[in-house]
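Before anything else, here's the structure in question.
Starting from 1, each residue takes its place in the sequence as its number.
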Amino acid sequence: MDNAAVLALFDRDMREGARPDGPGARVERVGAVVRRTAPGHGWNGILWSALTVADADAVIAEQIAYFTELGRKFEWKLYGHDLPVDLGQRLVAAGFTPEPEETLMVGESAALTGDAGPPEGARLVPVTDRAGVDLVAGVHERAFGADASWLRGQLLDQLADSPGTVVAVLALAGDEPVSAARLDMAPGARFAGLWGGGTVPGRRGRGFYRALVAHRARVAADRGYRYLQVDASDRSRPILERLGLTALTTTTPYLYAPVR
């Protein structure tokens with residue numbers, strides 16, 4: 001895989017050329033930024049920018065004003081190769097709060113399908129209804145120690161209004177939900193996104209995460225998505241590297257909450 005070429009393709013396909021990918025979502029290019037707005041539980045933020053030292057602060061202020069008028073929190077998704085080089089510092093100076101840095105990792109879907117199945121006595125089941133979504137949210141809360149009400153709302157909206165854009169899957173050990181993940185598939189894109197992969201404490205290191213990656217890779221390949229991409233935490237990056245994904249750059253969420 002030509003890392004530089006794939007990163008450039010990712011920028012064009014998933015950032016600068018981003019498509020609406022959820023109920024009520026809107027993607028628009030405004031000057032030097034591409035932003036996404038969505039109602040309810042949807043994600044709001046800046047997907048791509050082409051800023052210079054001369055205009056960066058003014059553009060940042062424009063986006064703050066726009067989302068403040070909407071009354072919505074939003075995220076500026078900053079990648080390690082974005083310019084200007086001090087953009088992160090400028091965002092902090094404007095009132096954004098940085099979240100932990102992650103690694104953008106990409107691999108070819110067909111090369112990641114493997115033969116990894118769930119551990120003995122476990123099985124993978126698709127999530128298609130409210131009961132399944134509740135189980136996914138419960139796993140997320142146990143795995144990450146964070147409220148998952150946003151995830152519950154987002155998944156329910158996607159399954160109801162645009163089911164072709166998401167695949168959610170649970171790993172059950174007997175009847176106990178122990179791991180869960182989802183695959184986001186923007187129509188017409190060449191990258192499908194791995195999101196939310198997590199396993200509850202006490203069940204880690206047994207192959208659940210690996211099985212969920214292989215399952216989603218098979219789905220993505222079958223549906224014509226050449227690449228899988230994931231924003232990997234420090235904990236998941238070593239696993240994903242062993243499975244064959246490659247680190248291309250870093251990505252850091254910068255969050256802004258409007259003052260009402």
* Among residues two or more places apart or on two chains, list those pairs meeting salt bridge (Lys or Arg N to Asp or Glu O under 4.0 Å) that have a residue in residues 44-55. =>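 Sorted pair list comes back empty.
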* Salt-bridge present (Asp157, Arg152; N to O < 4.0 Å) ->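 No salt bridge links Asp157 with Arg152.
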* **Check: Thr165 and Asp184 side chains under 4.5 Å, non-hydrogen atoms** =>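 No, every pair of side-chain atoms sits at 4.5 Å or beyond.
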* **Trp43 reachable from Trp150 in the ILVMFWY side-chain graph, under 4.5 Å edges** =>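 No: no chain of side-chain contacts under 4.5 Å links Trp150 to Trp43.
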* Out of Leu245, Thr250, Thr246, Asp231, which residue meets the side-chain contact (heavy atoms from CB on, under 4.5 Å) rule with Leu104? ->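 The single option meeting the side-chain contact (heavy atoms from CB on, under 4.5 Å) with Leu104 is Asp231.
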* To do: Using a strict cut-off of less than 4.0 Å between a Lys/Arg side-chain nitrogen and an Asp/Glu carboxylate oxygen, indicate whether Glu102 and Arg237 qualify as a salt bridge.
  =>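 Salt bridge between Glu102 and Arg237, a charged N being under 4.0 Å from a carboxylate O: no.
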* **Minimum-distance pair of heavy atoms, taken over all atoms of Arg36 and Ala38** =>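 Smallest interatomic distance, heavy atoms only, reads NH1-CB, 3.5 Å.
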* With Thr113 as reference, evaluate Arg218, His215, Arg216 under the side-chain contact (heavy atoms from CB on, under 4.5 Å) test and give the passing residue. =>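 Option passing the side-chain contact (heavy atoms from CB on, under 4.5 Å) with Thr113: Arg218.
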* Asked: Salt bridge or not for Asp82 and Arg15, using N-O below 4.0 Å?
  ->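 A salt bridge links Asp82 with Arg15.
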Expected list for residues 193-211: side-chain donor-acceptor pairs under 3.5 angstrom, two or more places apart:
from, atom 1, to, atom 2, distance (Å)
Thr199, OG1, Ser179, OG, 2.9
Arg203, NH2, Glu176, OE1, 2.9
Arg204, NE, Thr199, O, 2.7
Arg204, NH2, Ala143, O, 2.8
Arg204, NH2, Thr199, O, 3.1
Arg206, NH2, Gly202, O, 2.8

* Asked: Would you say Asp234 has more than 12 foreign heavy atoms packed within less than 6.0 Å of its CG?
  ->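 Open.
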* With Tyr66, which residues qualify under ring pair (Phe, Tyr, Trp, His ring centres under 6.0 Å), at least two apart? ->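 Per chain and number, Tyr66 pairs via ring pair (Phe, Tyr, Trp, His ring centres under 6.0 Å) with no residue.
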* **Pairs involving residues 96-115, ordered by first then second residue, that meet ring-ring contact (aromatic ring centres under 6.0 Å, His included) (sequence neighbours left out)** =>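 Those involving residues 96-115 are Phe74-Phe96, Phe96-Tyr256.
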* Nearest heavy atoms of Val106 and Met1, plus distance in Å ->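 Nearest heavy atoms, Val106 then Met1: O-CE, 3.6 Å.
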* Asked: Would Phe10 and Thr249 count as a side chain to side chain contact (heavy atoms under 4.5 Å, CB included) if you check the C-alpha gap in whole Å, the side-chain angles of each, and the deciding distance to 0.1 Å?
  -> CA-CA 11 Å; Phe10 177 83; Thr249 186; over 6 Å; no
* **Donor-acceptor under 3.5 Å (Arg19 side chain, Asp13 main chain)** =>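 It does hold such a pair.
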* **Close side-chain approach of Tyr254 to Ile46, heavy-atom, < 4.5 Å** =>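 In short, these two side chains do not touch, never coming nearer than 4.5 Å.
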* **Leu228 CG to Glu108 CD distance, which is reported to the nearest 0.5 Å** =>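 Separation between the atoms: 10.0 Å.
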* **Hydrophobic cluster identity match, Val33 and Phe67, side-chain contacts under 4.5 Å** =>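 Val33 and Phe67: one cluster.
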* Asked: Transitive ILVMFWY cluster of Leu212 at side-chain heavy atoms under 4.5 Å: who else is in it?
  ->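 Under the 4.5 Å side-chain rule, Leu212 groups with Leu124, Val169.
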* **Set of residues satisfying side chain to side chain contact (heavy atoms under 4.5 Å, CB included) with respect to Asp2, sequence neighbours excluded** =>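 If we apply the side chain to side chain contact (heavy atoms under 4.5 Å, CB included) test to Asp2, skipping adjacent residues, the hits are Ala4, Ala5.
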* Over 12 non-hydrogen atoms of neighbours within 6.0 angstrom of CZ in Arg130 ->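 Not more than 12 within 6.0 Å, no.
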